[in-house]
Amino acid sequence: MPVSPLPREFYNRATLSVARALLGARLVRRLDGRRLSGFITEAEAYVGQDDLGCHAHSGRTARNAVMFGPPGHAYVYFTYGMHWMLNAVTEAEGFPAAVLIRAFQPDEGREVIAARREGRDTGGPAKLTQALGIERSLNGVDLCRRDGELWIEPGLEVADALVQTGPRIGLYSVPEPWKSIPWRFRVAGRLPV
DNA sequence: AGCACGATGCTCT
DNA sequence: GAGCATCGTGCTT
């Protein structure tokens with residue numbers, strides 16, 4: 001009996017709640033017919049046009065359009081000339097918000113993941129997408145379906161005592177309070193695999 | 001263990 | 001034309 005993906009209602013709520021709840025969830029990628037997965041260990045919330053750290057802050061563009069759509073879809077974008085970033089779209093359709101998935105702890109398909117990473121770690125947003133072969137073609141895919149190439153399932157419960165919060169990473173030229181607001185969530189230590 | 005820097009190209013002004 | 005929700009290397013403590 002296969003596990004069902006997290007339902008759309010999971011994503012259709014406050015982005016901070018989704019970011020916290022995604023810690024420990026199982027990110028699943030079907031790549032070349034193989035199932036790769038791992039547990040999410042770090043995530044950040046990007047919340048609407050008022051959030052000057054959010055790509056949607058200056059309105060809808062071709063790049064950020066998926067964030068304005070229904071929750072539970074993947075927002076995948078390209079940055080720094082070489083890196084892809086994976087987000088899960090949150091909140092009601094029309095309100096642009098998402099959770100950046102920054103790191104995961106590999107579980108299924110660890111040998112494939114290790115080979116793709118050439119033995120290096122998977123703790124970092126571009127490392128994660130490189131490990132799982134996530135790029136432009138997955139922008140906009142529905143994360144609530146199990147018959148696609150990418151989705152998220154329930155995983156491990158992460159106790160509040162293991163959750164660290166802090167400022168989001170890499171927002172060098174974003175003004176306060178958005179630069180320092182503690183919308184980053186991460187698991188302290190290793191999850192039991 | 002920490003910091004500085006270059007790589008590299010898409011997106012929006 | 002500037003700016004990036006980064007990474008890996010190489011050099012300094």
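Letters go in sequence order (proteins before strands), and every chain restarts at 1.
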Test item: side-chain donor near acceptor, R116(A) and Q130(A), under 3.5 Å: no

Taking the nucleotide of DNA chain C with the nearest heavy atom to each, does D121(A) or G53(A) sit closer to the 5' end? G53(A)

Tell me whether the NZ or CZ atom of R8(A) lies within the 45° cone about the ring axis of Y11(A) and under 6.0 Å from its centre. no

Please enumerate all protein N or O atoms sitting under 3.5 Å from an N or O of nucleotides 1-8 of chain B, with distances to 0.1 Å.
| residue | atom | partner | partner atom | Å |
| --- | --- | --- | --- | --- |
| dT8(B) | O2 | Y80(A) | O | 2.6 |

Side chains of R20(A) and D160(A) in contact at under 4.5 Å (non-hydrogen atoms): yes

Show every donor-acceptor pair shorter than 3.5 Å between a side-chain atom in residues 185-193 of chain A and any protein atom, with sequence neighbours excluded, or say none if there are none.
| residue | atom | partner | partner atom | Å |
| --- | --- | --- | --- | --- |
| R186(A) | NE | Q164(A) | OE1 | 3.1 |

Could you tell me whether the side chain of W183(A) reaches within less than 4.5 Å of the side chain of W178(A), counting heavy atoms only? yes

5' to 3' contact window, DNA chain C with chain A (heavy-atom distance under 4.0 Å): dC4(C) to dG8(C)

Rounding to an integer number of Å, can you tell me how far N64(A) CG sits from dC10(B) C1'? 14 Å

Holding to side chain to side chain donor-acceptor pair (under 3.5 Å), I want the full list of residues that pass it with R34(A), two or more places apart in sequence or in another chain. E111(A)

T61(A) side chain N/O closer than 4.0 Å to the phosphate oxygens (OP1, OP2) of dT11(B)? no

By the ring-ring contact (aromatic ring centres under 6.0 Å, His included) test, which pairs, at least two apart or in different chains, include something from residues 81-120 of chain A? F78(A)-W84(A)

Whole-Å distance between dC10(B) P and E135(A) CD? 14 Å

Using a 4.0 Å heavy-atom cut-off, does R117(A) contact any base of the nucleic acid, only the sugar-phosphate backbone, or nothing at all? sugar-phosphate

Using the closest heavy atom to pick a nucleotide of DNA chain C for each, name whichever of R120(A) or I169(A) lands nearer the 5' end. I169(A)

Regarding R63(A), tell me which of base, sugar-phosphate or nothing describes its non-hydrogen contacts under 4.0 Å with the strands shown. sugar-phosphate

Does some side-chain heavy atom of R26(A) sit less than 4.5 Å from a side-chain heavy atom of V3(A)? no

The ring pair (Phe, Tyr, Trp, His ring centres under 6.0 Å) partners of F68(A) (sequence neighbours excluded) come to none

Can you tell me the Watson-Crick or wobble partner of dG1(C), both distances under 3.5 angstrom? dC12(B)

